[in-house]
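Just so it is clear, the structure is predicted and the values come from calculations on it, not from any experiment.
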Amino acid sequence: MKVKFTLTMDDLTVDDDHYDSVVIDWISEVQQEEVLEMSQRWITSQNFLTRRMIGLQRVGESSLTIEPIDENITT
């Protein structure tokens with residue numbers, strides 16, 4: 001299934017530089033099980049982002065939105 005991910009991070013430090021807010025979004029083809037696994041890891045791991053993003057030292061607040069994309073809709 002096709003899914004849109006939106007990662008929002010506020011009050012973060014990257015390579016000793018401070019940023020008020022960063023939003024990253026992307027579309028990916030994933031299995032439903034992968035989405036559930038990622039959601040679970042996001043909820044249970046306090047340092048989910050800093051372990052995965054090079055240079056990211058600190059994040060004040062963050063959220064990850066996962067939305068299925070209806071492939072039957074044409075734009």
Side-chain angles (χ1 to χ4, degrees):
M1 70 192 231
K2 215 173 237 188
V3 177
K4 179 180 179 183
F5 295 90
T6 303
L7 173 61
T8 304
M9 298 175 284
D10 295 325
D11 190 24
L12 61 153
T13 304
V14 179
D15 290 331
D16 295 323
D17 291 322
H18 179 265
Y19 298 90
D20 291 330
S21 184
V22 172
V23 177
I24 303 170
D25 64 5
W26 68 98
I27 295 174
S28 186
E29 187 77 31
V30 294
Q31 298 297 319
Q32 186 172 357
E33 296 81 30
E34 291 174 284
V35 172
L36 294 172
E37 181 182 314
M38 182 181 291
S39 298
Q40 185 64 29
R41 284 187 310 196
W42 177 267
I43 291 168
T44 58
S45 177
Q46 262 189 309
N47 57 355
F48 183 84
L49 293 173
T50 55
R51 287 192 325 208
R52 288 166 180 75
M53 298 180 84
I54 295 170
L56 182 64
Q57 297 162 314
R58 189 184 73 74
V59 178
E61 296 281 330
S62 63
S63 66
L64 178 64
T65 305
I66 304 170
E67 301 174 69
I69 294 177
D70 187 350
E71 296 183 52
N72 296 322
I73 297 176
T74 57
T75 54

What residues form a salt bridge (charged side-chain N to carboxylate O under 4.0 Å, His left out) with Lys4, not counting sequence neighbours?
Asp25
Look at the side-chain heavy atoms of Ile, Leu, Val, Met, Phe, Trp and Tyr, link any pair under 4.5 Å apart, and say whether Ile66 and Trp26 land in one connected group.
yes
Evaluate the side-chain contact (heavy atoms from CB on, under 4.5 Å) criterion for residues Val3 and Met38: first the C-alpha distance (whole Å), next the side-chain angles of each, then the deciding distance (0.1 Å), finally the verdict.
CA-CA 12 Å; Val3 177; Met38 182 181 291; over 6 Å; no
ILVMFWY cluster, Phe48 and Leu36 together (side-chain gap under 4.5 Å):
no
Applied to residues 32-56, the salt bridge (Lys or Arg N to Asp or Glu O under 4.0 Å) test, sequence neighbours excluded, yields Glu37-Arg41
Quick one: list whatever passes side chain to side chain contact (heavy atoms under 4.5 Å, CB included) with Thr44, sequence neighbours left out.
Gln40
Show me the donor-acceptor pairs, under 3.5 Å and distance only, between side chains in residues 9-17 and residues at least two apart or in other chains.
{"residue": "Asp10", "atom": "OD1", "partner": "Ser21", "partner atom": "OG", "Å": "2.9"}
{"residue": "Asp11", "atom": "OD1", "partner": "His18", "partner atom": "NE2", "Å": "2.7"}
{"residue": "Asp11", "atom": "OD1", "partner": "Arg58", "partner atom": "NH2", "Å": "3.0"}
{"residue": "Asp11", "atom": "OD2", "partner": "Arg58", "partner atom": "NH2", "Å": "3.2"}
{"residue": "Asp16", "atom": "OD1", "partner": "Gln57", "partner atom": "NE2", "Å": "3.2"}

List the residues meeting ring pair (Phe, Tyr, Trp, His ring centres under 6.0 Å) with Tyr19, not counting sequence neighbours, and say none if there are none.
none
Minimum heavy-atom distance between Glu61 and Val59, given as atom pair plus value
O-CG1, 3.3 Å
CD (Glu29) with more than 12 external heavy atoms under 6.0 Å
yes
Quick check: closest heavy atoms across Leu7 and Leu49, and the distance to 0.1 Å?
CD2-CD2, 3.9 Å
Applying side chain to side chain donor-acceptor pair (under 3.5 Å), name anything that partners Ser45, two or more places apart in sequence or on another chain.
Asn47
